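Just so you know, these numbers come straight off a predicted model, no measurement behind them. So that the names make sense, note that chain A is the first sequence line, chain B the second, and so on, each numbered from 1.
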Amino acid sequence: MTDKMPDNKKNQAQGEAEAKIISLKESEYLKLKEEADRANEYWDKLLRLQADFENTRKRQEKEKQDFLKFANEGLILELLNVLDDLERAVNMAESKHEDLPAFLKGVEMILAHLYEMLKAQGLKPIEAEGKIFDPNLHEALMQAEDKDAPEHTVVEELQKGYLLNDRVIRTAKVKVSKKP
Amino acid sequence: MAKVIGIDLGTSNSAAAVMEGGRPVIIPSAEGAGVASGKAFPSYVAFTKDGQHLVGEPARRQAAINAEGTIQAAKRKMGSDY
C-alpha cells in the first residue's frame, strides 16, 4: 500500500508515526506493563478453560452414550424371561397342538407377567374410553356423530396409550364423539 | 447475562435454541417433541371451544376434531392479507 502512495504523503505518514512516540513516567510504564501482563494471563486462562470445558463436554457425551447402551440391561434381563416363556409356549403348541384352551391360558399368563413387569418399570396405561378428550393424553384420529355421548367424549380406543413414570410416552389414538 | 434465542420457524415443525458453552442447544418443548421430528415440536396453535390455548403436540393431537380452531403451517400464510 505504502509503495503506491506519493512521496509527500509517505513522508507525512512517517511524520505522524514519529509524532506518536510519547514519553511516560517509569511508574506509569510499569503499571501499563503490569496490566498488559495480566491481560495476557487472563487470555491464556480463558483458552485453557475453554479447552477444558470442551474436553469435559466430550467426556460427558461419551459417558452418556455408554450409559444409554447399557441402561436397558435390567429391562432386557426381565424381558428374557418372557422370551423363554414364549419359546416354551411355541414348542408346546408344536408338539401337542390339540389343547387350545391350555395354550391360550399359558399365553395369557405370559401376557399378564409381561404386563406386571412393565408396570414395575413405571408403565401405566392411559385411560381413554368414556373419558372427555384430553389433548395431553389422547390423539384424535377420527370423529363420529353420537347423540348419546357428551361432545368430545372418547367413544373408541384404536390404540392404547401409555405413561412411563407419569410421562406420556405414547398417546392413546382415539375416536371422539360429536353432537349430530 | 442475557442470552440470544435462535428460532427455526418451520412450516411443519419448529425449534428454538440457545448457545451453551459455544454450542447451540435446542430447548426442549414443555409439551413434548413432535413425532419423528427429533427435538422440534409441531408448528400448531389451537384455540379450543372451552377456551384453552394449545401449542405444539397437544394442538396437533386435537386438530382432527377442531379444524376451525386449529392453525397449522402458518408460515405459508405469512405476508398474505386476511
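- Taken together through direct or relayed side-chain contacts under 4.5 Å among Ile, Leu, Val, Met, Phe, Trp and Tyr, A:Leu123 and A:Val82 form part of one hydrophobic cluster.
- Atom CG of A:Leu79 and atom CG of A:Leu118 lie 7.0 Å apart (nearest 0.5 Å).
- Under a hydrophobic clustering in which Ile, Leu, Val, Met, Phe, Trp and Tyr are joined whenever their side-chain heavy atoms come within less than 4.5 Å, directly or via other members, A:Tyr29 and A:Leu32 fall into the same cluster.
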For side-chain contact (heavy atoms from CB on, under 4.5 Å), just list the numbers for B:Lys49 and B:Glu68, CA-CA rounded to whole Å, side-chain angles, deciding distance to a tenth of an Å, and then say yes or no. CA-CA 10 Å; B:Lys49 289 193 182 93; B:Glu68 60 277 20; 3.6 Å; yes
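- For A:Arg167, no part lies near chain B; criterion is any non-hydrogen pair under 4.5 Å.
- Heavy atoms of A:Glu54 lying under 4.5 Å from chain B belong exclusively to its side chain.
- Proximity to chain A (any heavy atom under 4.5 Å) is restricted, for B:Leu54, to the side chain, taken from C-beta onward.
- The part of A:His138 that comes within reach of chain B is its backbone (N, CA, C, O), which places non-hydrogen atoms under 4.5 angstrom from that chain.
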